[in-house]
Amino acid sequence: MSDTGGGHRAAAQALQSAFAVRYPGQFQVEIVDLWAEYTPWPVNQLPRLYSPIVAHALWLWKLLWIVSENERTISFLRRLLYLICRNNLQKILQEHRPRLIISVHPLTQHIPLHLLAKEGVHLPFVTVVTDLISTNHNWFHAQVDRCFVASEAAADAARRRGLQPHQVRLLGLPIRPVFAEPLPARETVRASLGLTNAGLIALLVGGGEGMGPVAAIAHAVAKRLAATGTSGELVVICGRNQRLRRELQRTDWPIPVQVHGFVDNMPEWMAASDCIITKAGPGTIAEALICGLPILLSGFIPGQEEGNVPFVVDNGVGAYCDSPAGIAAIVSSWGGPEREKLAQMAARARRLGHPQAVYDIVDEIVELL
Ligand code: UDP
């Protein structure tokens, strides 16, 4: 994997936990950031550029995405990177001595498989795609033993890149095993989280990094609920964005609002809420579906998150709106006249969720061994 955003490490850790739960003591799962740990300077600095680019220069991210989709350019870059990095890369095999390799990143297929071929090492190699709908073609390599995907769109993309039907398995995203456990009862979990309001509980998140216009949305929603007299409470999870947390914790709100930093009990917050407002992160969407939570998408990262918007809207499990005032209007109507619609979206979401996917993936990987 590589730490570009939080999702790839989260998927790796989810698989690691599932191995530990399902096959205690039988497997040692080591998580390696290939680009940061096994490439020389300056290549090892590249993963760090991802978050600032996505947060502050989306135009540049769009450009890089387009370049990465170009087969000629990307295969030239791969050859160049391999030449620069091969001595460092060889150490992965020496230091970890794997019996099987799982890739959970679009940029850890081609180069590791090339390395294995050059070294004459024969190991099962598996890709677990951590994007939902829109998948960069670097995810797919015809030589993998299995490629696990979470949607028909991703399965089609894999087949278009030359993977055979038996290589492609559609099982869902590898979400943390805790989401596979029964959800706590709503009233109990609300009380334990200090949520006293009997009305609508809206959960607002911006991925692991607290990205996007979270503050503007929080202000707009609180103002609107107060102005329309809609009974409701807002929970804002700022993730690792400390500045955002401090700013929102200092605010004097017109309705009850809880503000938190990075939380370790996301299943509880989701179980307690009536809807979630989030950027179109695949992890959060998949978790919200498992929890039967209608999803109001407030934005998306161009490229990998683009297809998640029609996925949510067309499946009738939520809506998309990128203006804080528009988001506030939707939340207020979900808490008022559109309560029935909210309940229908919740039921559809629950049907779309794949709580067991991480175990299903691990079981198939073990079968390969
Ligand atoms: N998350 C969490 N605690 C927080 C904020 C986020 O556990 O305080 C988790 C969230 O449950 C999800 C992941 O971080 O599993 C965010 O993944 P997503 O794909 O939605 O967005 P990313 O941060 O990778 O862009």
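When a ligand or atom number is given, it counts from 1 through the structure's own listing order. Nothing here was measured: the structure is a model prediction, and the numbers come from that model. Sequence positions, counted from 1, serve as the residue numbers for this chain.
Aromatic rings of His105 and Trp35 (six-membered ring for Trp) have centroids beyond the 6.0 Å cut-off, not under it.
The closest protein non-hydrogen atom to atom 20 (O) of ligand 1 is Thr284 OG1, 2.5 Å. Considering only non-hydrogen protein atoms, atom 24 (O) of ligand 1 sits nearest to Gly7 N, 3.2 Å. Of the protein's non-hydrogen atoms, Gly283 N, 2.9 Å is the one closest to atom 19 (O) of ligand 1. Scanning all protein heavy atoms for the shortest distance to atom 11 (O) of ligand 1 gives Glu287 OE1, 2.6 Å.
Not a single heavy atom of Val205 sits under 4.0 Å from any atom of ligand 1.
Under a 4.0 Å N-O distance rule, the pair Arg190/Asp274 qualifies as a salt bridge. With respect to the salt-bridge test (charged N to carboxylate O, under 4.0 angstrom), the residues Glu152 and Arg159 qualify.
Close N/O approach between Val263 and ligand 1 is found [any backbone or side-chain N/O within under 3.5 Å]. Remark: ligand 1 and Gly208 share an N or O pair separated by less than 3.5 Å (distance only, no angle test).
Listed by first and then second residue, the side chain to side chain donor-acceptor pair (under 3.5 Å) pairs involving residues 344-358 amount to none (not counting sequence neighbours).
Tyr23 OH: more than 12 foreign heavy atoms inside a 6.0 Å radius.
Here atom 4 (C) of ligand 1 lies nearest to Phe262 when heavy atoms of Trp269, Tyr50, Phe262, Phe179 are compared. By heavy-atom distance, the residue among Lys279, Arg176, His8, Met266 lying nearest atom 22 (P) of ligand 1 is Lys279.
With contacts defined as side-chain heavy-atom distances shorter than 4.5 Å, the pair Tyr320/Asp322 qualifies.
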